[in-house]
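Structure record follows, encoded as structure tokens.
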Amino acid sequence: MKVFRGFKHPGVASASAVTIGNFDGVHRGHQAMLALLKGEAQQRGVASVVLTFEPHPRDYFAELHQKPDLAPARVGTLRDKLEDLATAGVDQTVVLPFDARLANQSPQEFIDQVLLGGLGARYVLVGDDFRFGKARAGDYALLDAAGDAQGFDVARMNSYEVHGLRVSSSAVREALGRGDMAAAARLLGRPYCISGHVVHGRKLGRTLGFKTLNLRFAHWKPAASGIFVVLVHGLSAKPLQGVANLGVRPSLDPTDVNGGRVLLETHCLDWPAELGPEGAYGKIIRVELLHKLHDELKYDGLDALTQGIQKDRDDARAWLQSNVSARI
Ligand SMILES: Cc1cc2nc3c(=O)[nH]c(=O)nc-3n(C[C@H](O)[C@H](O)[C@H](O)COP(=O)(O)O)c2cc1C
Ligand SMILES: Nc1ncnc2c1ncn2[C@@H]1O[C@H](COP(=O)(O)OP(=O)(O)O)[C@@H](O)[C@H]1O
């Protein structure tokens, strides 16, 4: 899959079947949309293109009006989204920075400049609650009328349901927010995972006796947070079992190097000798969050923190033994 920031690149498809959305989580509803998009693109002999926004439009308005509550909690980072879109078989993804210009574009300008001028849209697929353009004035009916007048097809995807429950990014956020990883996995159609490069931390893990693989979660408001039983993919043939902290580490000094940043820190229960004592830095891994143990705690000092992590490790081992040992 090719990825472009903005649509003014020579490589961007000049004729396309487009779907527009935020695709946070790339859940089963999104996956159904992408399958339909691919079919329509193939039939027309054009590229399948996802048009998505980063930052999320609601992040933009939250910042503009200084109302952080408006920003949606984030299921995945842009990296996770691009990986999932590639897996779904999309030809191109165009990431548009959502800014004042875009926010003030009328629906007709958006159609003319972005969809037709930028992407050469022959077919546009949107969700049933899709709104676009300044003040959210554009809807499916408007887009459909424009398609009729200007010669492109428009289709609307109805809500996708699993056991009567509408699959949506907010349903995934709610499941992750209450730590119900099984419900999140049902909505996503796969286990909930976070992927990224292993980065350097404070090297405090080794002092505490718990080395951790650190990944940045590149958004300040993750939909899930707390202590989780996990599997780490990408370091060895078999996934490694671990226990992880996703969040901002309230027990540690907030002014340090990663202060305030959201990190996913995973301690592997058994570290394979062939990786070497520090062989994971720079590698790309995927961490599968299986089960939530508890919320992040503000421990009183490093001894209490170490004891807390020891208990989490024991609880993770016990959980894995009764739930996962058959799988790996
Ligand atoms: C299983 C586990 C549970 C953790 N729980 C908490 C917690 O409840 N509160 C907190 O402030 N930090 C928690 N931490 C984060 C540790 O503070 C952090 O991983 C440790 O200081 C190592 O930092 P470093 O990787 O930068 O060296 C936890 C870490 C792990 C691995
Ligand atoms: N059991 C383990 N779990 C996770 N990482 C481990 C383990 N044993 C060794 N490592 C290695 O140690 C590194 C982390 O060491 P640590 O002291 O926690 O430093 P950092 O502050 O960079 O997280 C990891 O990136 C990995 O390469």
Side-chain angles (χ1 to χ4, degrees), residues 16-40 48-62 64-65 67 69-76 78 80-81 84-85 88 90 93-99 102-111 114-115 119 121 123-148 152-177 183-184 186-189 219 221 223:
S16 65
V18 188
T19 186
I20 312 162
N22 295 298
F23 293 94
D24 187 20
V26 193
H27 55 60
R28 288 174 72 173
H30 293 144
Q31 290 162 28
M33 265 181 109
L34 296 170
L36 179 58
L37 182 77
K38 264 180 67 173
E40 294 288 337
S48 57
V49 176
V50 168
L51 178 61
T52 190
F53 306 100
E54 192 66 43
H56 192 294
R58 283 207 273 145
D59 285 339
Y60 168 82
F61 290 112
L64 186 69
H65 303 301
K67 287 190 183 155
D69 286 353
L70 284 180
R74 195 58 76 90
V75 176
L78 180 60
D80 298 313
K81 178 174 10 185
D84 293 336
L85 292 173
V90 171
T93 292
V94 173
V95 183
L96 268 194
F98 197 86
D99 56 13
L102 205 58
N104 288 308
Q105 219 169 26
S106 73
Q108 191 59 48
E109 282 167 347
F110 180 81
I111 293 168
V114 182
L115 293 181
L119 304 174
Y123 169 89
V124 182
L125 174 64
V126 294
D128 51 6
D129 53 359
F130 176 71
R131 291 296 190 125
F132 69 107
K134 187 173 164 60
R136 293 165 54 83
D139 59 5
Y140 170 76
L142 189 149
L143 187 62
D144 191 45
D148 199 18
F152 60 93
D153 292 332
V154 179
R156 172 168 44 175
M157 180 90 187
N158 289 327
S159 287
Y160 187 87
E161 295 187 357
V162 174
H163 301 306
L165 182 69
R166 180 172 187 263
V167 180
S168 65
S169 294
S170 20
V172 179
R173 285 182 193 118
E174 275 159 34
L176 293 176
R186 277 197 299 278
L187 294 165
L188 291 169
H219 193 268
K221 202 171 172 186

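- For the atom pair CD (E161) and CG (L187), the distance works out to 11.5 Å, reported to the nearest 0.5 Å.
- With sequence neighbours excluded, the residues forming a ring-ring contact (aromatic ring centres under 6.0 Å, His included) with F98 are F53, Y60, F61, listed by chain and number.
- Partners of T93 by side-chain contact (heavy atoms from CB on, under 4.5 Å), not counting sequence neighbours, listed by chain and number: M1, V50, T52, L82, L85, V90, V95.
- Here the shortest heavy-atom pairing between G29 and V167 reads N-CG1, 3.8 Å.
- Scanning for side-chain contact (heavy atoms from CB on, under 4.5 Å) contacts around R166 gives D128, D129, S159, S168, with sequence neighbours left out.
- With sequence neighbours excluded, no residue forms a side chain to side chain donor-acceptor pair (under 3.5 Å) with T19.
- A search for ring-ring contact (aromatic ring centres under 6.0 Å, His included) contacts involving F132 returns F110, F130, not counting sequence neighbours.
- Contact of the P97 side chain with the E54 side chain is not registered, since no non-hydrogen atoms from C-beta on lie closer than 4.5 Å.
- Taking all atoms of both residues into account, the shortest heavy-atom contact from P72 to H219 is O-CE1, 4.0 Å.
- Counting heavy atoms from C-beta outward, N22 and P57 have side chains that approach closer than 4.5 Å.
- Side-chain atoms of E174 never come within 3.5 Å of backbone atoms of A171 as a donor-acceptor pair (strictly under, hydrogens ignored).
- Using a 4.5 Å heavy-atom cutoff, the side chains of V18 and Y123 are not in contact.
- Expressed to the nearest 0.5 Å, how far CD of E109 lies from CG of L102 amounts to 10.5 Å.
- The ring-ring contact (aromatic ring centres under 6.0 Å, His included) test applied to H30 returns F23, H27, not counting sequence neighbours.
- A 4.5 Å side-chain heavy-atom check between L34 and V26 finds at least one atom pair inside the cut-off.
- Counting only heavy atoms from C-beta outward, the side chains of L125 and E40 never approach each other to under 4.5 Å.
- P107 and G138 make their closest contact through CG-N, 3.4 Å (heavy atoms, listed as atom of the first residue, atom of the second, distance).
- Between the R28 side chain and the R186 main chain, a donor and an acceptor come within less than 3.5 Å of each other.
- Side-chain contact between I111 and F152 is present, with heavy atoms from C-beta onward closer than 4.5 Å.
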Evaluate the side chain to side chain contact (heavy atoms under 4.5 Å, CB included) criterion for residues V49 and L37: first the C-alpha distance (whole Å), next the side-chain angles of each, then the deciding distance (0.1 Å), finally the verdict.
-> CA-CA 8 Å; V49 176; L37 182 77; over 6 Å; no

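- Here the shortest heavy-atom pairing between A62 and A71 reads CB-N, 3.6 Å.
- Summarising the local packing, NZ of K221 is surrounded by more than 12 heavy atoms from other residues, nucleotides or ligands at distances under 6.0 Å.
- For S169 (side chain) and D24 (main-chain N/O), a donor-acceptor pair under 3.5 Å exists by modelled atom type.
- The pair R74-D59 counts as a salt bridge, with a side-chain nitrogen and a carboxylate oxygen less than 4.0 angstrom apart.
- H56 places a side-chain N or O within donor-acceptor distance of the main-chain N or O of R58, the cut-off being under 3.5 Å.
- Considering all non-hydrogen atoms of both residues, A184 and L176 come closest at CB-CD2, 3.6 Å.
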